[in-house]
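This is a predicted model, so every value here is computed, not measured.
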Amino acid sequence: LTRWMLGAAAQKTSREAPLEAPWPPPGTPPGTQPPDRWTGPRLDAHEVTSAAGFYRTTNLWEVHLHLTAAQWDALQVGYIRPGMNFLAPGEKFPLRNPKAPRNGLAGVIGLTQPWSGGELEVGGVRFAEVGIRIKGNGTLLGSLGSFKKPYKVDLNRGVPDQNLSGITTLNLGNLAADYSGMSDALAYEFFRAAGVPSPRTAFARGLLSIDGQFGKRPLGLYVLVENPDRHWAKEIFPGRKISLFKPVTYELFSDLGTNWQAYAGVYDPKTAVGTPERTRVMETARFVTGASDEEFARRYGEFFDVDEVVRFIGAHALISSYDGFLNNGQNFLMYLDGETGRFGFIPWDQDQAWGEFQYVGRLTELEQASVLRPWIADNRLLERLFAVPEFQARYRKEVGRLADTLFQPERWAARIDQLAAVIRPVVEEESDYRRRRFPEAITDEWSKEPRDGDLGDPNRPTHQVKRFLVKRAESVRDQLAGRSEGHVFRERKVPGPPPPPKK
């Protein structure tokens, strides 16, 4: 069933929404390598000495992956038994498949993403041996039938201590659902400006070579997202002993007992964790699940870095980022400070932030989403936190501060224009489909056509980011002034297309 579904999706994707232009270009003589006509910048990674220098939002790197035919074959997704009943998925879509090596949608529907090998060149710096795998969930499914898939590259896999200015892992997001190409970059920049520990980003022009098939095929625009690992944590949290986890669960800090094995798959540690860290996760789970309301209100600050938590939640709410913490229990990381024993959170996978994730509601609902009750349906942890008057007051104050000082449509519209100048040349060479969608996504002129569409249709209306900014800012002001309660998402549902106009 999984193979049939993915085959049908791949045919639809390649037929209706090609993510890359034909290669070689029409008119190329047989057996001839087409010349690279790129006239944009070619940054030199030899000149970079730190992760901060590499991950500048306006940097545009050339990233070339070179695989043998056997390596390319080994890279392709595999199939296992799905972790769900497709005919009766239930109210909450499952997030984990115990038979899958990784959490998330891909594993649930029966896909594995094996490691392979290959060569990597970044900004002129060449690595003869690296590990490569296809990454992602929705972005993987959105690129079936395309070479422009999301990739993770591990420089240490096979060659210990190999790095690029201290960077050992590259995450190449293929922007399959983001026609502006900027959602990740803008969102992480917003989180960092808000004071939330977050990855940095850069852009990339992707190139792919497969021996016996083609050489240096341009794939188009990628976003490079910094990998939150021990190297990143050491820089972002100087002098602190930080452990990182990547939870996947609708019920964060649910009491699963006293055996760490029940927690390990759910919390997926990304750094080495010992008995103290494991014990603290389980202690916090018992507290969140079992503490009385009075005890929770009195002691929650012992378990959570409250200032950082309110900033994290508030920033998500302001940009209506619902493919993650506020909704489906994934796409975020959790950190534990070994000195204080407190937890905080780190955003991840923001390619459908800025009101783009229409799997929870219509665009008008995402623009008007409640900032004071921002989560979807039920969320035990957030319900307990927001029931504490002190926490609610601190949260409201922080949202007000961010709305007044940071969430300004003019500021982010200007930033969109700056980034558009950087990435437009790559989008222009990618495909007619992306070339047409890009200006629609970042325009200052609002479309008069219906804005919602069938989420399964790759040709549905393009989300207009600047329009969201203006409408969202108006709604936030009204909510904080008491003129509106905003839209509360009381249940999880996938909305259908808008009803046909009345005759």
Side-chain angles (χ1 to χ4, degrees), residues 78-85 89-115 131 133 135-137 152 154 156-157 169 227-230 232-233 241-291 296 299-300 302-305 309 324-325 327-346 348-349 378-382 384:
Y79 299 93
I80 57 174
R81 181 179 292 277
M84 63 171 289
N85 181 347
E91 179 185 355
K92 294 181 180 178
F93 192 93
L95 302 175
R96 299 180 60 241
N97 179 357
K99 297 180 177 64
R102 278 177 287 278
N103 294 331
L105 172 63
V108 169
I109 66 174
L111 299 181
T112 61
Q113 295 145 287
W115 283 98
R133 73 169 173 86
K135 74 178 195 74
N137 290 294
K152 182 179 284 284
D154 184 350
N156 285 172
R157 196 174 185 89
T169 301
N227 201 55
D229 52 27
R230 61 185 178 87
W232 174 84
K241 182 185 177 183
I242 295 295
S243 301
L244 297 174
F245 305 82
K246 193 177 182 185
V248 175
T249 175
Y250 289 107
E251 299 172 342
L252 191 64
F253 292 118
S254 177
D255 188 355
L256 304 177
T258 58
N259 186 338
W260 172 250
Q261 291 306 310
Y263 295 82
V266 173
Y267 288 87
D268 193 9
K270 295 303 180 184
T271 56
V273 295
T275 299
E277 293 79 21
R278 297 172 181 179
T279 299
R280 192 55 173 170
V281 170
M282 293 187 285
E283 287 175 345
T284 306
R286 287 194 294 274
F287 171 74
V288 171
T289 301
F296 188 90
R299 298 185 58 206
Y300 75 98
E302 298 175 22
F303 296 87
F304 298 100
D305 188 325
V309 170
F325 186 82
N327 173 30
N328 51 22
Q330 56 186 350
N331 291 335
F332 68 96
L333 287 94
M334 180 173 81
Y335 69 87
L336 170 62
D337 188 318
E339 298 300 320
T340 67
R342 296 188 178 102
F343 289 95
F345 302 103
I346 300 160
W348 187 246
D349 202 357
D378 58 307
N379 186 310
R380 173 71 167 166
L381 176 61
L382 293 186
R384 298 216 73 179

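- For G78 against P114, the heavy-atom pair with the smallest separation is N-CD, 4.2 Å.
- Between F287 and F303, the two ring planes are parallel [angle under 30°; tilted spans 30° to 60°].
- Within a 6.0 Å sphere centred on CZ of R230, heavy atoms belonging to other residues, nucleotides or ligands number 12 at most.
- The minimum heavy-atom distance between A233 and L244, with the atom names listed, is CB-CD1, 4.3 Å.
- Note that the NZ atom of K270 and the CG atom of D229 stand 10.5 Å from one another [nearest 0.5 Å].
- For F304 and F253, the gap between ring centers is short of 6.0 Å.
- Note: Y300 and F296 have parallel aromatic rings, judged against thresholds of 30 and 60 degrees for the angle between ring planes.
- Qualifying side chain to side chain contact (heavy atoms under 4.5 Å, CB included) partners for K241, counting only residues two or more places apart in sequence or in other chains: E277.
- Ring geometry for F345 versus F332: interplanar angle over 60°, hence perpendicular rather than tilted (30 to 60°).
- The environment of E251 atom CD is sparse: at most 12 non-hydrogen atoms of other residues, nucleotides or ligands sit within 6.0 angstrom.
- Annotation for P269 and A264: closest pair CD-O, 3.8 Å, computed over non-hydrogen atoms.
- Across L252 and P247, no two heavy atoms sit closer than the pair CD1-CB, 3.9 Å.
- For N137 (side chain) and A106 (main-chain N/O), a donor-acceptor pair under 3.5 Å exists by modelled atom type.
- V281 has its side chain within reach of F343: a pair of non-hydrogen atoms, C-beta onward, lies under 4.5 Å apart.
- Taken from CZ in R102 to CG in L111, the straight-line distance is 11.0 Å, to the nearest 0.5 Å.
- Between Y263 and D255, the closest side-chain pair of non-hydrogen atoms falls below 4.5 Å.
- Distance check: K246 NZ to M334 CE gives 13.5 Å after rounding to the nearest 0.5 Å.
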- Query: W115 and D154: side-chain contact (heavy atoms from CB on, under 4.5 Å), yes or no, with the steps?
  - Reply: CA-CA 9 Å; W115 283 98; D154 184 350; 3.7 Å; yes
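- If you take CG on N97 and CD1 on I80, they are separated by 4.5 Å, rounding to the nearest 0.5 Å.
- A 4.5 Å side-chain heavy-atom check between F245 and I346 finds every atom pair outside the cut-off.
- Closest approach of R280 to E283, counting heavy atoms only: NH1-OE1, 3.1 Å.
- For the pair R96 and V108, the tightest heavy-atom approach, listed with the atom from each and the gap, is N-CG2, 3.6 Å.
- Side-chain contact check for Q330 versus N103: every heavy-atom pair is 4.5 Å or farther apart.
- Here the side chain of T271 pairs no donor or acceptor atom with the backbone of S243 at under 3.5 angstrom.
- Rounded to the nearest 0.5 Å, atoms CZ (R278) and OG1 (T258) are 13.5 Å apart.
- Partners of D337 by side chain to side chain donor-acceptor pair (under 3.5 Å), not counting sequence neighbours, listed by chain and number: R240.
- Between T249 atom OG1 and L256 atom CG the span is 7.5 Å, to the nearest 0.5 Å.
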- Item | Test side-chain contact (heavy atoms from CB on, under 4.5 Å) applied to L333 and F325, step by step | CA-CA 9 Å; L333 287 94; F325 186 82; over 6 Å; no
